[in-house]
2 protein chains.
Amino acid sequence: MSGQSNFSIRCQNCSFNHLCIPVALNQTEMESLDDIIERKRPLHKNDQLTIPGQSFTSLFAIRSGSFKSYITSSDGEQQITGFHFPGDIVGFDGLHSQQYQSFTQAMETSMICELPYEKLDEMSSHLPALRKEMLKIMSTEINQDHSMMMILNKRTAEERLGHFLVNLSDRFSQRGFSSTEFNLTMTRNEIGNHLGLTVETVSRLLTRFQKENIISVDGKLIVITDEAALKGKIGQQLDDVSCSEKLGQRA
Amino acid sequence: MSGQSNFSIRCQNCSFNHLCIPVALNQTEMESLDDIIERKRPLHKNDQLTIPGQSFTSLFAIRSGSFKSYITSSDGEQQITGFHFPGDIVGFDGLHSQQYQSFTQAMETSMICELPYEKLDEMSSHLPALRKEMLKIMSTEINQDHSMMMILNKRTAEERLGHFLVNLSDRFSQRGFSSTEFNLTMTRNEIGNHLGLTVETVSRLLTRFQKENIISVDGKLIVITDEAALKGKIGQQLDDVSCSEKLGQRA
DNA sequence: CGTAACTTTGATTCAATTCAAAGCCCGTGG
DNA sequence: CCACGGGCTTTGAATTGAATCAAAGTTACG
């Protein structure tokens with residue numbers, strides 16, 4: 001069974017397979033993976049893909065559209081932990097405790113591939129590449145979260161927003177979209193929430209970047225007109241690991 | 001081969017096995033795990049267990065002592081991403097790219113168990129419990145990091161420090177140590193770095209908590225004298241997932 | 001086409017930082 | 001054993017980046 005015929009696009013033909021689990025698999029392995037994937041009907045804007053407490057059954061690969069993930073506190077405050085685009089895998093937060101811990105909400109009409117966890121786990125016992133790829137994806141998420149901690153703790157509002165725009169640009173580019181011209185699917189408020197800033201600050205900064213001729217803003221549409229200047233706004237990047245040799249000497 | 005005889009303590013007898021990988025394993029499985037673990041000689045204060053760029057070979061279980069993990073940016077700024085105590089597993093950041101991404105540094109004389117990754121991976125192919133436990137530990141780390149994002153973005157200095165102290169208290173308690181009386185192995189500066197605060201702010205807050213008779217501070221020694229009041233300082237907690245049923249209705 | 005949600009801009013406030021300066025603790029070496 | 005010095009901690013005063021408060025525009029969707 002490879003899912004509902006209406007929505008069947010095979011991993012083999014998926015334009016995002018180079019970003020998704022299949023990247024680590026050979027042809028045969030990809031076919032096995034493809035066999036356990038269930039293609040679901042589209043989700044619409046604001047539909048919840050996962051909710052905290054809901055029993056964990058699957059991981060989800062995003063096929064089209066975009067999602068935000070967020071957690072909430074008992075006073076109703078919400079923290080957006082990430083934005084997700086095609087090729088991204090979501091749901092790893094549910095492995096601990098077998099219940100999803102986050103909301104994952106569609107920001108526009110979106111399609112997903114459901115990867116039933118038990119089948120994935122069983123498959124991974126005889127596919128080392130799959131096993132390692134899953135750990136690798138989670139490791140990447142951990143590293144991104146650590147990098148986010150530095151951004152939130154050490155960077156100014158301007159640097160945070162600069163970093164956010166460059167990050168989006170890179171991710172769109174990896175997906176074959178323009179790196180210099182894209183639509184924000186999230187609101188200013190959501191950007192601010194994720195970056196630890198208020199709406200007003202985000203708005204003011206976008207205006208400022210535009211006045212400085214770094215970007216052009218037209219509602220949701222962002223055009224990066226001076227990429228170098230934008231990168232100049234983001235402060236110092238994470239150390240390249242290549243520095244480790246000199247540091248290694250004192251270990 | 002079960003490691004150097006000098007430092008051999010078996011998982012079976014380890015007082016932290018209820019927090020560590022063995023928690024998910026039966027007797028036989030634990031023995032297999034025990035066989036691949038290498039016990040190393042102690043690390044001393046400031047020794048580096050991992051360095052960014054160093055080739056990833058192993059995960060490490062902390063047997064005694066304490067560590068901090070941190071990443072650095074090209075301008076030399078450093079961000080402490082976590083503190084680690086006995087039973088904690090570190091090194092997952094290295095799975096992505098096969099190179100460690102963080103520094104992991106001993107904050108005092110400490111002992112570790114090395115878990116060679118290739119052996120662990122091979123073992124996990126025929127031990128589903130081990131396979132799942134590894135994913136679960138990484139998932140827990142992801143959830144902690146997400147919770148950290150909310151703390152950094154939405155909480156005041158007072159709430160952050162309150163949260164930090166309660167978190168330490170809980171972790172010490174899980175490890176069989178006192179939950180109300182403990183030594184900080186980290187400096188005020190390191191606490192501040194992790195929480196996105198300056199040394200001065202951390203110092204002032206500790207003084208304030210003491211004046212309010214919530215804790216008593218004597219250098220590195222903290223005594224929590226009014227646990228309820230301390231918990232009152234930490235702001236609203238993450239939503240308990242039990243709320244999901246009511247929320248689930250609108251999914 | 002009306003209305004609710006989102007965005008922008010300005011004025012004011014404030015929590016935490018920065019700057020500054022003592023004081024304290026602990027390990028080390030004479 | 002005590003004196004010295006470097007790192008850590010505390011406390012105070014001044015500053016500031018971003019938040020908050022306020023209000024007008026704008027967009028888009030039912």
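Here is how names work: the chains are called A, B, and so on, in the same order as the sequence lines, proteins then strands, and each is numbered from 1.
- A distance of 3.5 Å separates NE2 of A:His163 from CD1 of A:Ile151, quoted to the nearest 0.5 Å.
- Take B:Glu108 and apply the salt bridge (charged side-chain N to carboxylate O under 4.0 Å, His left out) test, not counting sequence neighbours, and it matches no residue.
- The side-chain hydrogen bond (donor to acceptor under 3.5 Å, both in side chains) test applied to B:Asp88 returns B:Arg171, B:Arg175, not counting sequence neighbours.
- Ring centroids of B:Phe85 and B:Phe172 are separated by less than 6.0 Å, placing the two rings close together.
- With rounding to whole Å, B:Leu197 atom CG is found 16 Å from D:dT9 atom C1'.
- None of A:Ile62, A:Thr104, A:Leu49, A:Thr109 except one satisfies the side chain to side chain contact (heavy atoms under 4.5 Å, CB included) rule with A:Leu43; the exception is A:Leu49.
- Separating the CE atom in A:Met149 from the CG atom in B:Leu195 is a distance of 10.5 Å, to the nearest 0.5 Å.
- Distance B:Asn153 CG to D:dG17 C1': 16 Å, rounded to the nearest Å.
- With sequence neighbours excluded, no residue satisfies salt bridge (charged side-chain N to carboxylate O under 4.0 Å, His left out) with A:Asp145.
- One atom, CG of A:Asn46, and another, C1' of D:dG30, lie 14 Å apart when rounded to the nearest Å.
- Going from atom CZ of B:Arg188 over to atom C1' of D:dT11 covers 14 Å, rounded to whole Å.
- Of all nucleotides in DNA chain C, those with any atom nearer than 4.0 Å to a heavy atom of chain A start and finish, going 5' to 3', at C:dT7 to C:dA11.
- In this view, B:Thr180 and B:Ser178 satisfy the side-chain hydrogen bond (donor to acceptor under 3.5 Å, both in side chains) rule, not counting sequence neighbours.
- Contacts between residues 199-217 of chain B and DNA chain D, defined by a heavy-atom separation under 4.0 Å, are made by B:Glu200, B:Ser203, B:Arg204, B:Thr207.
- Against DNA chain D, the stretch residues 155-163 of chain B makes no heavy-atom approach under 4.0 Å.
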Secondary structure of DNA chain D per the Watson-Crick/G-U criterion (both distances under 3.5 Å; [ ] crossing, | other strand, . unpaired) is ||||||||||||||||||||||||||||||

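- Residue contacts for B:Lys220: at a heavy-atom cut-off of 4.0 Å it reaches the sugar-phosphate backbone alone, with no base atom in range.
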Throw together a table of side-chain donor-acceptor distances under 3.5 angstrom for residues 203-212 of chain B, partners on residues two or more places apart or in other chains.
residue: B:Thr207; atom: OG1; partner: B:Ser203; partner atom: O; Å: 2.9
residue: B:Arg208; atom: NH1; partner: B:Glu158; partner atom: OE2; Å: 2.7
residue: B:Gln210; atom: NE2; partner: B:Val217; partner atom: O; Å: 3.3
residue: B:Glu212; atom: OE1; partner: B:Lys233; partner atom: NZ; Å: 3.0

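- As judged by a 4.0 angstrom heavy-atom cut-off over every strand, A:Gly196 is placed among residues touching the sugar-phosphate backbone only.
- Residue pairs satisfying the salt bridge (Lys or Arg N to Asp or Glu O under 4.0 Å) criterion with at least one member in residues 176-194 of chain B, sequence neighbours excluded, are listed as follows: B:Lys68-B:Glu190.
- As a whole-Å value, the separation of A:Asn183 CG from D:dT27 C1' is 14 Å.
- The salt bridge (Lys or Arg N to Asp or Glu O under 4.0 Å) pairs that include a residue from residues 69-84 of chain B are A:Arg155-B:Asp75, A:Arg155-B:Glu77, where partners are two or more places apart or lie in different chains.
- Looking at residues two or more places apart in sequence or on another chain, you find no side-chain hydrogen bond (donor to acceptor under 3.5 Å, both in side chains) involving A:Ser147.
- Note that the CD atom of A:Gln79 and the OH atom of A:Tyr70 stand 12.5 Å from one another [nearest 0.5 Å].
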